[in-house]
Amino acid sequence: MPEGHTIHRLARDVRSRLGGQQLSAASPQGRFSSGAALVDGRTLHRVDAHGKHLFLAVDDRWIHIHLGLFGRVTFSPTPASPPRGAVRLRLVGDDTVLDLRGPTACEVISPDDKRALHARLGADPLRRDADPERAYERLTRRRLPIGALLLDQSLVAGIGNVYRAELLHRAALSPHREGRSVSAAEWAGLWDDTVTQLRAGVRSGRIVTTAREHRDRPSGRARRTDAHYVYRRSGLPCRRCGSAVAADEMAARTIFWCPTCQSV
DNA sequence: GCAAAATGTCAAG
DNA sequence: TTGACCTTTTGCA
């Protein structure tokens, strides 16, 4: 389930479970054997996240991980049991085993490589050093629709297909609005809500964007199907107004929106 | 047993 | 713009 909130939550978990420990590293599946050999026996002294990228500092190098669409990390207690499935990387610390499966990227990089990666990533709503004004300046120079721009990781780092649809709905902005027509006030509202929503996502480990009164159950605890206003609800009622949710391709992904709540 | 889908990105044309 | 790639899970024979 990897959007930015997943990665920051993962960073927190890796830090608390394996931080400061000497690791043994291996690639049971074999595709990261040389990288694992480089970090085997070294100490994990820092963990960093930017957008959907995770960085683990082992002495003078970094392990760079990007989960992509399918990647997953699981933790289990020591002693390590035989790996199940295609485990790209296994890290074993004092009492925790980390297994990484299916990432788009898992590589050992230098500090310079890491700087270069940060340089091509945009404002991360979950980082203190985020610069939303700079993101806005760049946004307003573009003719592309806001729905496409929100997925551009060099503008805002960490938003994925679920948050894109839900944040635009919460802001009452049509995904088709051109970036350059978005006002400073609209952007400020969208950014603030993005920070709020992603932080909630880190806390809960889930993407729940609906307000309590829009969820089906009065308990307020969202079921899987209650969690979104429009995402993956094509043809179903918008959870705020009841109009049929529309869907289209935008930036090579399916965008969902409510034509009533989100007028152009 | 096999196809399809899933919260993503990049390189080739 | 399209296709390739990463892996697991689900649903339908």
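Protein chains get the first letters and strands the later ones, always in sequence-line order, with residue 1 at the start of each.
C/dA4 and B/dA3 have their P atoms separated by 16 Å, given to the nearest Å. For the P atoms, the distance from B/dA4 to C/dG3 is 15 Å, rounded to whole Å. Atom name P, nucleotides B/dT9 and C/dT9: the rounded distance is 22 Å, in whole Å. Between the P atoms of C/dT8 and B/dC10, the separation comes to 23 Å (whole Å).
Within the 4.0 Å cut-off from OP1 or OP2 of B/dT7, at least one side-chain nitrogen or oxygen of A/R253 is found. Taking only side-chain nitrogens and oxygens, A/K52 never comes nearer than 4.0 Å to OP1 or OP2 of B/dT7. A close approach under 4.0 Å does occur between a side-chain nitrogen or oxygen of A/H66 and OP1 or OP2 of B/dT9.
One can place CG of A/D152 at 10 Å from P of B/dT9, the figure rounded to the nearest angstrom. What separates CD1 of A/I65 from P of B/dG8 is a distance of 18 Å, to the nearest Å. We find that OH of A/Y163 is positioned 11 Å from P of B/dG8, with the value rounded to whole Å. B/dA6 atom P lies 13 Å from atom CZ of A/R164, rounded to whole Å. Atom-to-atom, CD of A/Q153 to C1' of B/dG8 comes out at 8 Å; the value is rounded to the nearest Å.
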Margin query: Go through it in stages, so that I can follow the logic: the residues are A/T74 and A/R101, the test is side-chain contact (heavy atoms from CB on, under 4.5 Å), and I'd like the CA-CA distance, side-chain angles, deciding distance and then a yes or no.
Written below: CA-CA 9 Å; A/T74 56; A/R101 295 180 176 81; 3.5 Å; yes

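Listed for the A/R15 side chain is a donor-acceptor partner under 3.5 Å among the backbone atoms of A/V47. Under the 3.5 Å distance criterion, the side-chain polar atoms of A/Q262 are left unmatched by any main-chain donor or acceptor of A/A172. Checking side-chain atoms of A/D40 against main-chain N and O of A/A26 turns up no donor-acceptor pair under 3.5 Å.
A donor-acceptor pair shorter than 3.5 Å cannot be found between the side chains of A/D193 and A/T196.
A side-chain hydrogen bond (donor to acceptor under 3.5 Å, both in side chains) with A/H50 is found for one member of A/H8, A/K114, A/Q153, A/H118 and no other, namely A/H118.
Counting heavy atoms from C-beta on, the side chains of A/H169 and A/W257 never come closer than 4.5 Å.
Boundaries of the chain A contact region on DNA chain C are C/dC6 to C/dT8, first to last in 5' to 3' order (nucleotide atom under 4.0 Å from a heavy atom).
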